[in-house]
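The next block holds one structure in the form of structure tokens; read it before the comments.
A note on names: the letters A, B, ... follow the listed sequences, proteins ahead of strands, and every chain is numbered from 1.
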Number of protein chains: 2
Amino acid sequence: MVLAMGRRSDHTRAELEELILSAGHALVAEVGLGGFSAREVARQIGYSIGTIHNVFGSSDRLIAALNTRSFVAWAAFLREQLEAVGDDGDRLAALVAGYFDFARQHTHWWTAIYDHRLPADTSLSEADEAGRGLLTGIVVDEVARALSRPVDETVVTLSRSLIATVHGHCAFAIGGAWALMGGSDAEATALARVRETLSAVTLDTR
Amino acid sequence: MVLAMGRRSDHTRAELEELILSAGHALVAEVGLGGFSAREVARQIGYSIGTIHNVFGSSDRLIAALNTRSFVAWAAFLREQLEAVGDDGDRLAALVAGYFDFARQHTHWWTAIYDHRLPADTSLSEADEAGRGLLTGIVVDEVARALSRPVDETVVTLSRSLIATVHGHCAFAIGGAWALMGGSDAEATALARVRETLSAVTLDTR
DNA sequence: ATCATCAAATGAGCACCGTTCAATAGATTA
DNA sequence: TAATCTATTGAACGGTGCTCATTTGATGAT
């Protein structure tokens, strides 16, 4: 039997990782997490299933890496939106719009992030954690700016909660629960909640 | 070949449905949506795979029915919590605690609700929609009560947003994102947001 | 230049999954 | 009792993720 091919070195390890991530990210965008298959990724890049496992360890870890890639793209998208409105624009509205727009434009990427659960015995790699922190950082900076305050514990605590609030509205909007409950504009409602909270804090600490 | 057994009528159709739902719900509780298998449900109730498909049409529709069952249990749980605090207790706190407690005590049921996506060509049955509406109804009533107002469009709109807010905080808490961002008590934060919003509305319409 | 060593890549094999559908046998009706 | 009906079956099919003995290209030593 002539079965194994041994090391080919068509690509370096780093190139191979990028190849897999790139093809995998495109596949998630196309078919969503439900239709995702590590085998299909292997097929598309012309490597075998075994190679995917060699490089990423498991399908779950590959998906985690793909979701981190989505987070990074999302953070970049938010930065662009903020850049576009400029220093005097409505930066909070841009931030909320950026959250929703990313979810609407890249629904499969977005739902994959929140639908995927790592097995209990697995945890995020440091690279994954770092990538996912970018988004939080952007929001923290904007909240500090909106409150004319330095980035302190209060601002971080508040940002966390505001992200959760916007996320809840966005998750319901994308998942259909918002419409099921008879709602129309989830984004506007989310923005109203954000303004409300920030103005409550402003009153509080004045 | 001696293969098929034909109709046995050990159970009526309704009994069979209940048998499948009951075993399926227990299986989801045990292994989560990721480990769920319609074949395993069939095995546990002593019927064949084919029967599950005869009764529910597809694995996705079975899961939708199981999630509806979770919603109904959740609504009952909330009612108990409200009953327990009584008319003069902190009913809003009970509601938020009930939301979080259900998710914490029945994590697999809770995550299954939000992780599952019906295929694009399938939609919820009317029974499913009704079951899921129970929870909204409970919150609407409590919000009206908190504001000393009748149940009108304003109250419904507000309730929708408050559910989304609490959901966002709970989703992050259960999913680990809250801790990843350095947060500690998501429930307390969610309750603070709810109080804030309700007091803003009270000021507004006075 | 040759050889031994090493590790990257393979893919058949395994145990599972959901879905389909012809065959069957128990219940019902004639 | 016989004919009909239909609930139930489970093999078959095409997929999945994961494992690991095997192979072979590249590397380092002689």
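Contact between the side-chain N/O atoms of A:Arg43 and the OP1/OP2 oxygens of C:dG11 is not found at any separation under 4.0 Å.
Between the P atom of C:dA8 and the CD atom of A:Glu17 lies a distance of 12 Å, rounded to the nearest Å. Following rounding to the nearest Å, B:Ile45 (CD1) and D:dA7 (P) show an atom-to-atom distance of 16 Å. Atoms CG (B:Leu16) and C1' (D:dT8) sit 10 Å apart, rounded to a whole Å. To the nearest angstrom, P of C:dA8 lies 12 Å from OH of A:Tyr47. Straight-line distance from the CD1 atom of A:Ile49 to the P atom of C:dT10: 10 Å, rounded to whole Å. Taking atom NE2 on A:His116 and atom P on D:dG17, their separation rounds to 11 Å, with Å as the unit.
Within residues 51-66 of chain A, the residues that have a heavy atom under 4.0 Å from DNA chain C are, in order of number, A:Thr51, A:Asn54. Contacts between residues 23-40 of chain B and DNA chain C, counted as heavy-atom distances below 4.0 Å, involve B:Ser37, B:Ala38, B:Arg39.
Listed by first and then second residue, the side-chain hydrogen bond (donor to acceptor under 3.5 Å, both in side chains) pairs that reach into residues 48-66 of chain A are A:Asp60-A:His116, sequence neighbours excluded. Applying the side-chain hydrogen bond (donor to acceptor under 3.5 Å, both in side chains) rule to pairs touching residues 129-139 of chain B yields B:Thr68-B:Arg132, sequence neighbours excluded. Among pairs with a residue in residues 163-190 of chain B, those fulfilling salt bridge (Lys or Arg N to Asp or Glu O under 4.0 Å) read B:Arg104-B:Glu187, at least two apart in sequence or across chains.
Listed by chain and residue number, nothing satisfies the salt bridge (Lys or Arg N to Asp or Glu O under 4.0 Å) test with A:Arg79 (two or more places apart in sequence, or in another chain). For A:Arg145, the side chain to side chain donor-acceptor pair (under 3.5 Å) partners at least two apart in sequence or on another chain are A:Asp87. By the salt bridge (Lys or Arg N to Asp or Glu O under 4.0 Å) test, A:Glu30 pairs with no residue at all, sequence neighbours left out.
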When the side chains of residues 137-144 of chain B are checked against the rest of the protein, which donor-acceptor pairs come out under 3.5 Å, sequence neighbours left out?
unit_1	atom_1	unit_2	atom_2	d
B:Glu142	OE1	B:Arg91	NE	2.8
B:Glu142	OE2	B:Arg91	NE	3.4
B:Glu142	OE2	B:Arg91	NH2	2.8

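A distance of 12.5 Å separates CH2 in B:Trp74 from CG in B:Leu134, rounded to the nearest 0.5 Å.
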